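What follows is a short report on a single structure.
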Amino acid sequence: MMETYRPIEVLAGRGIRVLDQTALPHSERYLELRTVADLCEAIQRLQVRGAPLLGLCGIAGMAVAASEDASDSGLQIAAERISATRPTAVDLGAGVRRALAAALTTATDGRSERLWTLANEVTVAQRAVDEALAAHGAPLLQGAGAVLTHCNTGALATGGRGTALAVIDEAWRAGHIDRVFATETRPLLQGARLTTCELQKLGIPCTLLPDSAVASLLESGAAGAVVTGADRIAMNGDTANKIGTYGIALAAREHGVPFFIAAPTTTIDPGAGDRRAIPIEFRASEEVGGYGETRWSPEGTEAYNPAFDVTPARFISAIVTELGVAKPPFDVSLRGLLESG
Ligand code: MRU
C-alpha cells in the first residue's frame, strides 16, 4: 500500500536521516542527525514528530548514543535526555527503554551494532503494524460518508502507512467514505500543512477547516464519523492526543457522531491507570502568537499552550489497534488486547 512520505531512514553506524516536517509543504528537506544533541533538537522542534515515529526515534536515538559512548552511564544519561524531549507520547520513552535494555544485556563493544540492527527491525515492523491497524479499522467507517480527522496521523507520523489516516485510506479504497474533513490543528498546523498533503498524494478528497468550525461541522451532519490518533492511552481508555481532540469528542457526542481512536498497542500505557497518570507537554507562548517568522501578537504575550489534551474514555466509541478493535468497557477490552499480543 502507498506510503506518502519516508520520514525516517536509519543510516546504520552513521546516524538518522529525517524529513524536516517543519519545512512542509513548501520543501522536502532532509536532515542528518549524527549526535544525541541533534536528535533531541529535531524532536523538540517537531522536525520529526507523531507518536509511533517518536518511538522509532527513541530506538534509533539510542543507537546514535551507543555510537558516541556505549558505556552504561553514557547510555543512561542519553536515555534520560531523549525521553525528556517530549513527555506525552508514550512510544518515545518506551522505545528508549527497550533499546537501553537491549544494550545493557550486550557486551559494550557490540552495543552500537545491536541497537542499529534493532532500529532497522523496528522500522520495518512498524509498516506491518500500520497495515493491520488499517484493516481492522476500515470496516468501522462503512456508511460514514465523510469523516473528520485532527492533527496528522499518516506516514509522516509513523514511518509506515499511518494510524488514523491509514484507516481512512483503507476505508476510502473500500468505498466506505467519500471525503475527509481535516482540521487545521492550531497552533503548529499539522492538519493544514501535513494531512492535506498526504490526502492529496493518496487522491482522497479533502476539506480543510479551522479548528473552531468543528462543532458547527458536526452539528450540520456533514461528517458521519471522527477518527484520530493517540499519543498515550491509559488502561481505562482515557486518551491523550493533539490539543483540541477532547473538544471534538465532546461535540461528536452531543451530535451523535461516533468517535474512534486508531493507535498501535505500543501507545497503550500499562503503567497509566487513567488520565491522572498522563503527563501533558506545555510548549512556548511564541507558538501561539505567530508562526515561523510571522508574528500577530505583541512581543511578550503570554499564551496557554498545552500540546495535548485527554479525552475521557466515555466519549470514545472504539479504539482500533493492530491486534483488533477494543470497545467499551475499555478497562476490560484493552487488557484483553494486550494479553492477546
Ligand atoms: O505534536 P505532534 O505533531 O507530535 O502530535 C501528533 C499527534 O497528536 C498525533 O495525532 C498522534 O501522535 C498520533 S500519530 C499517529
Side-chain angles (χ1 to χ4, degrees), residues 3-5 7-8 18-22 24 42-58 85-95 126-127 129-134 137 148-169 180 182-195 197-198 211 226-233 239-249 259-269 278-284 287-288 291 305-311 316 319-322:
E3 286 162 19
T4 54
Y5 291 98
I8 192 165
V18 296
L19 175 60
D20 179 356
Q21 298 194 26
T22 62
L24 291 173
I43 293 176
Q44 271 163 337
R45 293 162 63 105
L46 268 63
Q47 289 173 306
V48 54
R49 49 151 295 282
L53 192 65
L54 289 174
L56 295 180
C57 285
T85 52
R86 297 205 70 196
T88 303
V90 69
D91 293 75
L92 176 63
Q126 186 67 45
R127 296 189 193 122
V129 165
D130 289 5
E131 287 300 332
L133 200 147
L148 170 67
T149 193
H150 186 51
C151 196
N152 172 262
T153 61
L156 286 168
T158 71
R161 188 179 171 192
T163 58
L165 218 61
V167 169
I168 286 170
D169 183 33
V180 176
T183 60
E184 220 177 5
T185 319
R186 287 270 302 138
L188 296 180
L189 305 172
Q190 289 92 331
R193 293 186 302 106
L194 310 177
T195 301
C197 288
E198 292 209 66
D211 299 350
V226 180
V227 196
T228 77
D231 284 78
R232 190 183 297 243
I233 301 172
T239 295
N241 191 50
K242 179 51 56 194
I243 190 69
T245 306
Y246 180 18
I248 297 174
F259 179 91
F260 302 114
I261 294 289
T265 47
T266 50
T267 303
I268 302 168
D269 181 358
I278 300 181
I280 297 295
E281 173 189 357
F282 278 76
R283 296 184 60 87
E287 288 183 351
V288 183
Y291 186 82
N305 188 19
F308 301 96
D309 58 24
V310 181
T311 299
I316 300 172
I319 298 175
V320 182
T321 76
E322 79 281 15

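Order of listing sets the numbers, starting from 1, for every ligand and every atom in it. Keep in mind it's a predicted model, so treat the numbers as computed, not measured. Below, all heavy atoms of this structure are taken into account, side chains as well, without hydrogens, waters or symmetry copies. The chain is numbered in sequence order, starting from 1.
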Those residues that, when tested against R283, pass salt bridge (Lys or Arg N to Asp or Glu O under 4.0 Å) (two or more places apart):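 So R283 forms a salt bridge (Lys or Arg N to Asp or Glu O under 4.0 Å) with E281, E287.
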Residues in contact with ligand 1, criterion: heavy atom under 4.0 Å: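 Contacting ligand 1 under 4.0 Å are L46, R49, G50, A51, P52, R86, C151, N152, T153, A157, T163, Q190, G229, A230, D231, N241, K242, F308.
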Measuring from atom OH of Y5 to atom CG of L194, what distance do you get when rounded to the nearest 0.5 angstrom?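 Going from the OH atom of Y5 to the CG atom of L194 covers 7.5 Å.
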So, for C57 and I8, which heavy atoms are closest and what is the spacing to 0.1 Å?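 Nearest pair, atom of C57 first, then I8: SG-CD1, 4.0 Å.
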Is the closest side-chain donor-acceptor distance between [X] and [Y] under 3.5 Å?
X	Y	value
T183	H150	yes
R186	Y291	no
T239	N241	no

